[in-house]
Amino acid sequence: MTSQRIIQGPRNATLADVLDRVLDKGLVVAGDIKIKLLDVELLTIQVRLVVCSVDKAVEMGMDFWKSDPHLSPLARREPPPALPAGGPEELARRVAELEAVVAKLSD
């Protein structure tokens, strides 16, 4: 009984093959950029990028575009919250009450 070994050479992948695999499986790129001057951090940029197909995004629970009214005409548009029944004067009174409670708690 003889054993046979199959040796495969490098496979040539087209851009379409690579793109299909990335969109099917997903790709996550994460990185931080920090700009410092004399050990003082001036700016930090955090980059989190996910590249995948829409189907994969929905599978992962990333379907924010369905509920965003700017991205989907089917999303519900919430009306702005109404003022209290007493109008602006009632709202000012309630804010003053809350500020008094916060002042007592911070003492």
Side-chain angles (χ1 to χ4, degrees):
M1 186 160 159
T2 61
S3 64
Q4 294 180 351
R5 293 180 67 191
I6 299 174
I7 300 174
Q8 292 182 349
R11 293 191 303 179
N12 292 333
T14 65
L15 180 61
D17 294 335
V18 173
L19 188 59
D20 184 50
R21 184 170 178 91
V22 166
L23 292 178
D24 183 46
K25 300 292 182 184
L27 172 72
V28 176
V29 177
D32 296 333
I33 300 169
K34 294 184 180 185
I35 299 175
K36 292 183 177 184
L37 179 63
L38 300 174
D39 290 333
V40 176
E41 193 170 311
L42 300 175
L43 178 68
T44 299
I45 300 172
Q46 295 181 334
V47 177
R48 306 295 182 259
L49 173 68
V50 177
V51 178
C52 63
S53 67
V54 171
D55 295 334
K56 187 67 173 179
V58 170
E59 182 182 315
M60 294 187 308
M62 295 174 43
D63 55 354
F64 59 88
W65 60 88
K66 290 182 179 179
S67 59
D68 190 335
H70 298 289
L71 299 175
S72 172
L74 303 176
R76 267 191 357 193
R77 297 187 191 275
E78 298 288 331
L83 288 175
E89 296 82 15
E90 175 66 15
L91 184 60
R93 186 189 65 76
R94 290 174 64 182
V95 168
E97 285 178 4
L98 290 172
E99 288 174 342
V101 169
V102 169
K104 286 181 185 177
L105 291 175
S106 63
D107 290 339

Exercise. Count the heavy atoms of every other residue, nucleotide or ligand shown that sit under 6.0 Å from CZ of Arg93, and state whether that count exceeds 12.
Key: yes
For residues [X] and [Y], report the shortest heavy-atom separation together with the two atoms involved.
X: Val50; Y: Met60; value: CG1-CE, 4.1 Å
X: Glu41; Y: Lys34; value: OE1-CD, 4.0 Å
X: Gly26; Y: Cys52; value: CA-CB, 3.8 Å
X: Arg48; Y: Ala30; value: CD-CB, 3.8 Å
X: Ala103; Y: Ser106; value: O-OG, 3.0 Å

Quiz item: Ser72 side chain to Asp68 main-chain N or O, any donor-acceptor pair under 3.5 Å?
Solution: no
Within one Ile-Leu-Val-Met-Phe-Trp-Tyr cluster: [X] and [Y], side-chain cutoff 4.5 Å:
X: Phe64; Y: Val58; answer: yes
X: Val22; Y: Val29; answer: yes
X: Ile35; Y: Leu37; answer: no
X: Val51; Y: Leu19; answer: yes
X: Leu42; Y: Leu38; answer: yes

Drop me the distance from [X]'s [atom1] to [Y]'s [atom2], to the nearest 0.5 angstrom.
X: Leu27; Y: Leu49; atom1: CG; atom2: CG; value: 7.0 Å
X: Asp32; Y: Thr44; atom1: CG; atom2: OG1; value: 7.5 Å
X: Asp20; Y: Thr14; atom1: CG; atom2: OG1; value: 9.0 Å
X: Lys56; Y: Met62; atom1: NZ; atom2: CE; value: 11.5 Å

Quiz item: Are Arg94 and Glu97 ion-paired here, with the side-chain N under 4.0 Å from a carboxylate O?
Solution: no
Quiz item: Just wondering, do Asp55 and Glu59 contact through their side chains at under 4.5 Å, heavy atoms?
Solution: no
